[in-house]
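In what follows, a structure is listed as structure tokens, so that the remarks can point back to it.
Note: hydrogens, waters and symmetry copies are ignored here, and every other heavy atom, side chains too, is used. All chains are named by letter (A, B, ...) in the order of the sequence lines, taking the proteins before the strands, and each is independently numbered beginning at 1.
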Amino acid sequence: MRPFTYARATTPDEAVAQHTEGAAYLGGGTNLVDLMRLGVALPSHLVDVTRLPHAQIETDGDGLLIGAAVRNSDLAAHAVVRERFPMLARAVLTGASGQIRNMATVGGNLLQRTRCPYFQDVTRPCNRRDPGTGCPAREGEHENLAILGHTPDCVATHPSDMAVALAALDARVRVHGRGETGLDDLYGDDPVRASALRPDDLITHVRVPPLAMRGTYRKVRERASFAFALVSIAAALDVADGVVRDCRIALGGVAAKPWRARRAEAALRGGPATEDAFTRAADAELAAAEPLRDNGYKIPLARNLVVRTLGELT
Amino acid sequence: MPEESLVTLVVNGRTRRIAVDTRTSVLDLLRERLGVTGPKKGCDHGQCGACTVLLDGRRVNACLVLAVAADGSRVTTVEGLADAGEPGEPSELQRAFVECDAFQCGYCTPGQLCSAAGMLAEAKDGWPSAVTDDLAEPTDLTREEIRERMSGNLCRCGAYVNIVEAVRRVAE
Ligand SMILES: Cc1cc2nc3c(=O)[nH]c(=O)nc-3n(C[C@H](O)[C@H](O)[C@H](O)COP(=O)(O)OP(=O)(O)OC[C@H]3O[C@@H](n4cnc5c(N)ncnc54)[C@H](O)[C@@H]3O)c2cc1C
Ligand code: FES
Ligand code: FES
């Protein structure tokens, strides 16, 4: 690991001031320390942001204001989150392990880096890690990589479960001194860049507006627990007299960011809440999918997950 | 600013003050500098759980925590679990592991024990898990719940069935 200096920040202003060229914010470290050990991240200075006064979950009307330093396990165990936002609690609980959730922070979870094998292996080219070196994943190992929104330069996926639920919930991410942004804008549209934030942008809170629909989170993975998603879904549905009044759908494991399935949502609103309609809606979203040689299985997997999850919520 | 830092940790009840390279993990500090070799290094990437310790009472992977970031914390390793009751006597959880034959080579065991101790405290506080049906309701530690909550600890010898049994005995 490359040598670095370390400092704890106690206020957001202090954190930003300490974030000099080559520095990185340190949350729980469950992703950053790992990447430093792998030689993928090479910060010269760490600014520890876990002692900032952003470790509370407050209720904001019927919504939530979640501090960026809140640990993942505290978020999932919070009574209001469990009662009113089971989709979010479930997404967090399906991520990583009990130990990792005890360390991982909300801010770090949002900005965790892709698990693409080429990104994590410094002996291989990767446009994300070393811009302009190329993307071997396209022709190489890509069973678990993106089917939507990828570019010739990068086919990585975003690994977070929590972020998929936050995308479905229309959450707003608060950046110190820069206002709020939605998840779509937080991650941007260029997979190579991974996030549209500047290096010294500090996430202080995530605001979750109220949701008056029944929602849930489901995750398909290679083993029953402690594995990243192949495909996951955060969905909420409001049905009255057999008609879909409103819905939210976001998919995980399919793109470089949590994929808000707006086409599927539009296809569903005002229509019948039937398996046929759910299938057509899923197909409307997945029509844009461009599978690679070995990850076409994600299309039927995503379709079945949408249909089954919406069926359960009906 | 220096790349070395003075760190104070209370390890199994004993205050230890030591200068560390900022790159040192809590795991390496315990094993290499303080001679506390209960926690094991299986992967150094958060994937196996062999390094699990309790940090201020919560289970964490010591391989992913920088010692400088843990400055001022209490650390409990498997060595400290025993002293929670009669000094030097194995805890109820440790006895259950022996009685249930919950290991073979024993390499994962210190991590399993610390993880189970942390997990039992989480369950007592009413924390749900991914397999809890109704997140708003308290839940019992069924075998399924224990398996899910302990999934961060791998056992290459495959002693899982007996580990779950040992934890279940203590949970009852
Ligand atoms: C073995 C293993 C399995 C895992 N499985 C899953 C899984 O199934 N699902 C899942 O979702 N995740 C999984 N994870 C990932 C885990 O959820 C993340 O590592 C964790 O959420 C990151 O949070 P952190 O606080 O530790 O971040 P850190 O590692 O501290 O930081 C991550 C990034 O965020 C930046 N950062 C941190 N805080 C802020 C802030 N406030 N403002 C701006 N930037 C910030 C850091 O600079 C860094 O770039 C797994 C991890 C491991 C090691
Ligand atoms: S050594 Fe820490 S989890 Fe494997
Ligand atoms: S007993 Fe050998 S690894 Fe678990």
Side-chain angles (χ1 to χ4, degrees), chain A residues 1-8 18 26-38 44-46 48 50-51 71 73-74 76-104 120 161 216-217 219 223-227, chain B residues 1-5 7 20-25 43-49 51-72 111 114-116 118-119 122-123 125-132 134-137 144 147-154:
Chain A
M1 211 189 278
R2 177 175 144 176
F4 58 86
T5 51
Y6 167 92
R8 271 182 195 177
Q18 283 174 358
L26 176 70
T30 59
N31 187 222
L32 184 56
V33 171
D34 195 15
L35 291 176
M36 287 163 67
R37 201 165 275 148
L38 291 168
S44 52
H45 180 57
L46 290 184
D48 190 334
T50 58
R51 307 302 203 280
R71 308 283 175 170
S73 44
D74 292 315
H78 194 273
V80 177
V81 178
R82 285 156 64 176
E83 238 181 84
R84 284 198 225 143
F85 301 93
M87 172 208 282
L88 178 58
R90 246 180 227 296
V92 173
L93 289 170
T94 61
S97 65
Q99 290 96 314
I100 291 169
R101 291 193 297 273
N102 275 342
M103 299 182 273
Q120 296 199 322
D161 292 295
T216 194
Y217 186 79
K219 175 174 178 181
R223 55 186 189 198
S225 183
F226 198 22
Chain B
M1 252 179 291
E3 284 151 13
E4 213 172 69
S5 198
V7 167
V20 297
D21 183 306
T22 48
R23 292 172 288 185
T24 314
S25 66
C43 68
D44 225 12
H45 292 291
Q47 296 169 357
C48 75
C51 65
T52 305
V53 300
L54 303 176
L55 192 69
D56 291 327
R58 285 184 162 205
R59 55 178 172 156
V60 302
N61 305 98
C63 68
L64 292 182
V65 183
L66 293 173
V68 282
D71 184 24
C114 286
S115 185
M119 182 278 272
E122 292 166 7
D125 283 343
W127 289 16
S129 86
V131 299
T132 306
D134 183 348
L135 293 183
E137 292 295 320
E144 189 196 12
R147 277 203 301 268
E148 164 61 26
R149 291 168 193 252
M150 292 293 291
S151 69
N153 292 82
L154 306 191

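The CG atom of A/Asn102 sits 9.5 Å away from atom CG of B/Asn61, with the distance rounded to the nearest 0.5 Å. To the nearest 0.5 Å, the span separating CD on B/Glu3 from OG1 on A/Thr5 amounts to 6.5 Å. Between atom OG of residue B/Ser5 and atom CZ of residue B/Arg23 there is a gap of 13.5 Å, rounded to the nearest 0.5 Å. Between the CD atom in B/Glu144 and the CZ atom in B/Arg149 there is a gap of 10.5 Å [rounded to 0.5 Å].
Looking at B/Asp21, there are no atoms closer than 4.5 Å to chain A (heavy atoms on both sides), in backbone or side chain. With a 4.5 angstrom heavy-atom cutoff, B/Asp125 does not touch chain A via any of its atoms. Looking at B/Glu137, only its backbone comes within 4.5 Å of chain A, counting heavy atoms on both sides. Interface residue B/Ala70: only backbone heavy atoms are found under 4.5 Å from chain A. Looking at B/Thr22, both its backbone and its side chain come within 4.5 Å of chain A, counting heavy atoms on both sides.
Chain B forms more heavy-atom pairs under 4.5 Å with one residue of A/Lys219, A/His78, A/Arg37, A/Arg223 than with any other, namely A/Arg37. Per-residue counts of heavy-atom pairs under 4.5 Å with chain A were compared for B/Leu66, B/Asp44, B/Val65, B/Val131; the largest is that of B/Asp44. Interface summary for chain A: among B/Glu122, B/Arg58, B/Gln47, the most heavy-atom pairs under 4.5 angstrom belong to B/Arg58. Chosen from A/Arg2, A/Arg8, A/Arg101, the residue pairing most often with chain B at heavy-atom distances under 4.5 Å is A/Arg8. Of the residues considered (B/Pro128, B/Cys114, B/Gly46), B/Pro128 shows the highest number of contacts with chain A, using heavy-atom pairs under 4.5 Å. Counting heavy-atom pairs under 4.5 Å between each of A/Ser225, A/Ala79, A/Ala91 and chain B puts A/Ser225 at the top. Heavy-atom pairs under 4.5 Å with chain B were tallied for A/Ala77, A/Gly98, A/Pro3, A/Gly29; the largest tally goes to A/Pro3. Comparing A/Asp48, A/Thr50, A/Ile100 by how many heavy-atom pairs each has under 4.5 Å with chain B, the most go to A/Ile100.
Judged purely by atom type and a 3.5 angstrom limit, A/Arg82 uses its side chain to pair as donor or acceptor with the backbone of B/Leu135. Between the side chain of B/Asn153 and the backbone N or O of B/Gly49 there is at least one donor-acceptor pair closer than 3.5 Å.
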> What's the verdict on side-chain contact (heavy atoms from CB on, under 4.5 Å) for A/Phe4 and A/Leu26, showing C-alpha distance, side-chain angles and the deciding distance?
Replying inline: CA-CA 12 Å; A/Phe4 58 86; A/Leu26 176 70; over 6 Å; no

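Residues A/Val92 and A/Asp161 have side chains not in contact (no heavy-atom distance under 4.5 Å, counting atoms from C-beta outward). B/Thr132 places none of its side-chain heavy atoms less than 4.5 Å from the side chain of B/Glu148.
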